[in-house]
Amino acid sequence: MTELPKIGGKPKFSVPFYGCDFFSKDLLSIRVRAVHRTVSQETPLLQCDGMTGLLVVQGSGWATVNGVSYRLSPGRFLMLGMFQYYAIRADAGSELELYESYLNGDACLYIMACPYYHLTRFDLPRAPTCLDFTEEEERGIRRLMQQMVDSCIPGTFQRSQVSFTLALKLFGMVYAKRASMESAMDDGGESPSLS
């Protein structure tokens, strides 16, 4: 692996990651949306054209992604990528409480190209990332997603640096969890939580 040149002890990154303001120069049209909602009926089939994160807080049900069903239960986090179709439904007599965050394609492009994230495997389309967080991890993710909800005006897409920074932090936490689980799998362990 090639080492990055360093200046003053910090890695030097070329534009667009070094000293560039994406927002005022509108280099990338980054949009973020986050909601805290309940689902009692099956949602219509939606196409994900960016990145969608779902955190189940309460209840149980199913997410159908590209025709494959994934069980939803408290603490389960589902990260959907571009080009995926999905619908959510609660179990009969149940109601799903969940947080949902969305980043548009430009935000995904930024994350994929950002040198701070080392995405070693990137396939399109790929199966969604399905993680089970511990109670402590889930509380941290829930706090972060609530901050995202608070930074967004309901029903709108935000272009604020605050919303995007929170989304980057969320992605970092999810990516770190996935990377640690993949590492455990590479070491011969099994990880039923990683789909």
Side-chain angles (χ1 to χ4, degrees), residues 1-4 6 9-13 16-18 22 28 30-36 48 50-57 63 65 70-82 84 86 98-152 158 160-195:
M1 186 168 145
T2 307
E3 289 208 22
L4 296 169
K6 297 192 176 199
K10 293 185 178 180
K12 178 185 176 193
F13 299 119
F17 301 103
Y18 190 73
F22 294 96
L28 294 175
I30 292 173
R31 303 278 190 275
V32 177
R33 181 176 62 85
V35 295
H36 181 203
C48 187
M51 190 181 306
T52 298
L54 302 168
L55 174 68
V56 180
V57 177
V65 183
Y70 296 87
R71 187 74 176 139
L72 298 177
S73 57
R76 165 96 11 133
F77 186 90
L78 203 61
M79 179 69 80
L80 309 171
M82 292 184 276
Q84 294 181 328
Y86 71 100
L98 53 88
Y99 283 98
E100 185 173 2
S101 64
Y102 169 82
L103 300 172
N104 72 342
D106 280 359
C108 295
L109 176 66
Y110 176 92
I111 289 170
M112 288 183 286
C114 181
Y116 296 114
Y117 298 107
H118 299 282
L119 301 177
T120 55
R121 293 175 8 198
F122 182 70
D123 309 323
L124 284 177
R126 75 177 290 170
T129 297
C130 189
L131 303 170
D132 289 322
F133 286 103
T134 65
E135 285 184 34
E136 183 179 338
E137 290 170 329
E138 189 235 336
R139 278 193 301 272
I141 295 282
R142 191 186 316 177
R143 267 193 310 273
L144 182 59
M145 292 187 86
Q146 183 60 52
Q147 289 174 325
M148 288 177 69
V149 168
D150 293 343
S151 73
C152 292
Q158 299 303 114
S160 76
Q161 289 179 335
V162 170
S163 299
F164 186 54
T165 301
L166 291 168
L168 283 175
K169 188 172 180 181
L170 173 65
F171 178 81
M173 292 170 78
V174 169
Y175 178 72
K177 175 80 169 185
R178 182 178 175 103
S180 70
M181 295 175 80
E182 285 176 346
S183 176
M185 289 172 62
D186 290 345
D187 293 339
E190 288 188 26
S191 181
S193 303
L194 181 61
S195 299

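Because the structure is predicted, anything quoted here is derived from the model rather than measured.
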Rounded to the nearest 0.5 Å, what separation is found between the OG1 atom of Thr134 and the NZ atom of Lys177?
5.5 Å
Calculate, to the nearest 0.5 Å, the distance between atoms OG and CD belonging to Ser151 and Gln146 respectively.
10.0 Å
Least distance between heavy atoms, Val32 atom then Cys152 atom
O-SG, 4.0 Å
Working to the nearest 0.5 Å, report the span between CZ of Arg71 and CG of Leu78.
13.0 Å
Arg139 CZ to Glu136 CD distance, which is reported to the nearest 0.5 Å:
6.0 Å
Quick check: do Leu170 and Phe77 have side-chain heavy atoms less than 4.5 Å from each other?
yes
Shortest non-hydrogen contact from Tyr70 to Pro128?
OH-CD, 3.2 Å
side-chain contact (heavy atoms from CB on, under 4.5 Å) with Ser101: of Met148, Met51, Met79, Arg33, only one passes, and it is Met148
At what distance, to the nearest 0.5 angstrom, does CZ of Arg142 lie from CG of Leu55?
7.0 Å
Nearest 0.5 Å, what's the CG-SG distance between Leu54 and Cys130?
10.0 Å
Check whether any side-chain heavy atom of Tyr86 lies under 4.5 Å from a side-chain heavy atom of Thr52, and answer yes or no.
yes
Return the minimal non-hydrogen interatomic distance between Phe133 and Glu138, and the atom names on each side.
CB-N, 3.8 Å
Heavy-atom side-chain proximity of Val57 to Leu98 below 4.5 angstrom:
no
